[in-house]
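Here the structure comes first, spelled out in structure tokens, and everything after it is commentary.
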Amino acid sequence: MKTEIRFLEELEEDLLGAASLEEELAGIDSSAPRPRSPRKVVRGRRRTVRTMSLAAAAAVLMAAVVGYVATRGAGNGTRQALPIPSPRQDQAANLRHDAAIIGRAVTDGTPYAPTSDQSSDTSGGGVPLTGPLIVKTANLSLTVGRGKFSTAFTQASGVASQFGGFVDSSSSGGTNQHSGQLTIRVPADRFDQALAALRPLGRVDAQTISGQDVTAKFVDLNARLKTWQAQETALLKLMAKASTVDETLKVQSQLQRVQLTIEELEGQIRLLDDQTANATITVSLAEAGATPSPAKVTNPSLSDGWRHAIAGFFGVLFAVVVGFGYVVPIAVAGLILWFVIRWGRRRTAAAVA
Amino acid sequence: VAEGGRLIGELDDGDLLSLSTRHPEAFAAFYRRHAAVLLAYFARRTLDADVAAELTAETFAEAFASRARFRDQGEGGGPWLFGIGRHQLSRYFRRGAVDASARRRLGMPERSLSPEDQERVEELADLEPLRAAVRSAFDRLPKGEREAVGARIVDGLAYRDVARRLRCTEQAARARVSRGVRRLAAWMAPIRAELESGERDDEAEELPVGGQAR
């Protein structure tokens with residue numbers, strides 16, 4: 001009697017289903033000695049995605065912590081704050097800086113003459129071939145002991161002249177507990193030395209150092225200047241050829257406009273050159289217990305909050321990026337080690353099998 | 001599918017299992033060769049078509065999952081498969097339930113037999129004469145042992161409940177069940193020997209492809 005059992009046919013289909021699922025998910029790898037079950041593969045993939053997500057989150061968190069520690073906990077007990085400037089200090093510093101720039105731009109009548117070798121390298125009359133031009137700035141908050149404010153303030157001013165720089169602006173106040181700020185400018189190549197000389201004047205509460213690369217801007221300004229100068233030359237030639245008063249007036253009008261632009265560009269280049277040649281250090285000095293500087297803004301404003309939020313956002317981003325600098329090489333080394341160990345174990349297992 | 005110029009149906013069990021790691025359809029051919037024999041084997045051992053079907057499914061799932069570990073050492077794929085089957089069977093006897101871990105790992109559903117299939121499995125395994133023999137042997141047991149074996153094995157009661165039903169101590173109930181089972185085993189020994197020789201023949205025999213058996 002011929003017997004057909006539906007169950008066996010269904011079982012065969014189930015097995016083929018498992019086989020095709022295995023083939024689909026894991027692939028048929030003749031070199032793999034042990035095929036993984038499809039459900040394990042699915043579960044494994046889900047677990048892998050979950051593990052990867054957790055690992056990524058952990059890596060970012062770790063990077064943030066490491067970055068925070070690295071940027072805040074520099075050696076010698078110095079606390080280096082994340083670049084989250086106090087709005088008051090920031091505003092004041094910006095105002096003073098702008099005033100200084102405008103003052104110099106107005107009073108400095110000398111023709112533009114680049115001071116550094118990098119910026120003066122103009123080969124063949126084209127766009128200057130510059131190395132990296134960096135505008136260096138630092139903010140340093142120091143707390144000095146009672147009765148030592150004046151000495152420290154004078155010493156801080158002295159640091160500027162000691163390193164071939166000058167005091168850009170200074171202000172101090174307070175009757176019982178003194179506090180004050182001074183902005184000093186020192187040659188960029190002596191920036192680190194000046195900072196090192198300023199730090200011992202008191203206890204460093206916060207320190208922010210930043211460097212802005214303005215090379216591209218410098219090159220762009222120079223290129224534009226060359227173009228306008230070429231126009232000026234052409235217009236001067238036209239002027240010489242002008243035979244009527246009308247023609248002369250028209251060319252002169254054009255020429256004035258071009259010369260104005262040239263002066264503006266030269267002013268900007270001078271400004272950049274000055275900023276890169278001299279670094280700016282803003283020192284906030286306060287006696288223990290005193291507020292660092294007189295409060296100009298008494299009520300918290302929404303814009304201040306917004307500025308804080310933006311600064312905080314970039315501060316955290318900065319810390320994460322710095323942290324990745326530390327974490328990534330360690331993680332790569334760990335991964336390599338893990339692969340080597342796994343490879344070794346597989347070899348041992350294969351040998352045993 | 002041809003492999004080395006031969007059709008899959010022409011390959012032996014060892015070749016099929018080796019091939020199945022790269023071509024899973026080769027395992028289907030291996031399955032068709034042994035499925036019905038294995039099902040009949042389990043049915044005769046358990047006298048329960050449903051359990052036999054479950055054991056068959058689990059054995060093949062386990063065989064599929066571990067096919068890459070098969071090493072042909074001369075005895076072929078049939079004995080290897082029946083080795084897995086015997087292991088599953090002993091686990092079933094120990095635990096009273098069929099393991100489903102291999103099927104779960106492979107994502108295979110746990111199917112049950114339809115009434116028609118049940119009949120076919122019983123026909124396939126020739127269960128009715130076997131059941132009749134067991135029933136007859138059971139009826140021949142002394143009354144006390146018959147009741148004890150019936151309460152413990154057929155009704156699945158705990159020894160405490162068996163003792164309560166038989167109005168005796170638990171120790172006495174255990175002794176009666178033990179004696180009854182030993183007596184049954186002794187009476188069934190010739191039939192069992194006959195079955196085992198038949199199974200050995202079945203293991204050696206190659207069934208026609210198509211999940212069918214005569």
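The sequence lines fix the lettering, A, B, ..., with proteins before strands; numbering per chain opens at 1.
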Atom [atom1] of [X]: over 12 foreign heavy atoms under 6.0 Å:
X      : atom1 : value
B/Y159 : OH    : yes
B/M188 : CE    : yes
A/L302 : CG    : no

Quiz item: Which atom names give the shortest non-hydrogen contact between B/Y31 and A/E12, and what distance separates them?
Solution: CE2-CB, 3.3 Å
Exercise. Mind listing the closest non-hydrogen atom pair of A/L8 and B/A35 along with its distance?
Key: CD2-CB, 4.0 Å
Quiz item: For A/L16, is it the side chain, the backbone, both, or neither that has a heavy atom closer than 4.5 Å to a heavy atom of chain B?
Solution: side chain
Self-check item: Matching residue for A/F7 among B/R111, B/R120, B/Q118 - test: side-chain contact (heavy atoms from CB on, under 4.5 Å)
Solution: B/R111
Quiz item: Is it the side chain or the backbone of B/S112 that comes within 4.5 Å of chain A heavy atoms, both, or neither?
Solution: backbone
Quiz item: At what distance, to the nearest 0.5 angstrom, does CG of B/L39 lie from CD1 of A/I5?
Solution: 5.0 Å
Self-check item: A/L15 side, atom CG; B/R32 side, atom CZ - distance, nearest 0.5 Å
Solution: 11.0 Å
Quiz item: Under 3.5 Å, side chain of A/D14 to main-chain N/O of B/M108, donor-acceptor pair present?
Solution: no
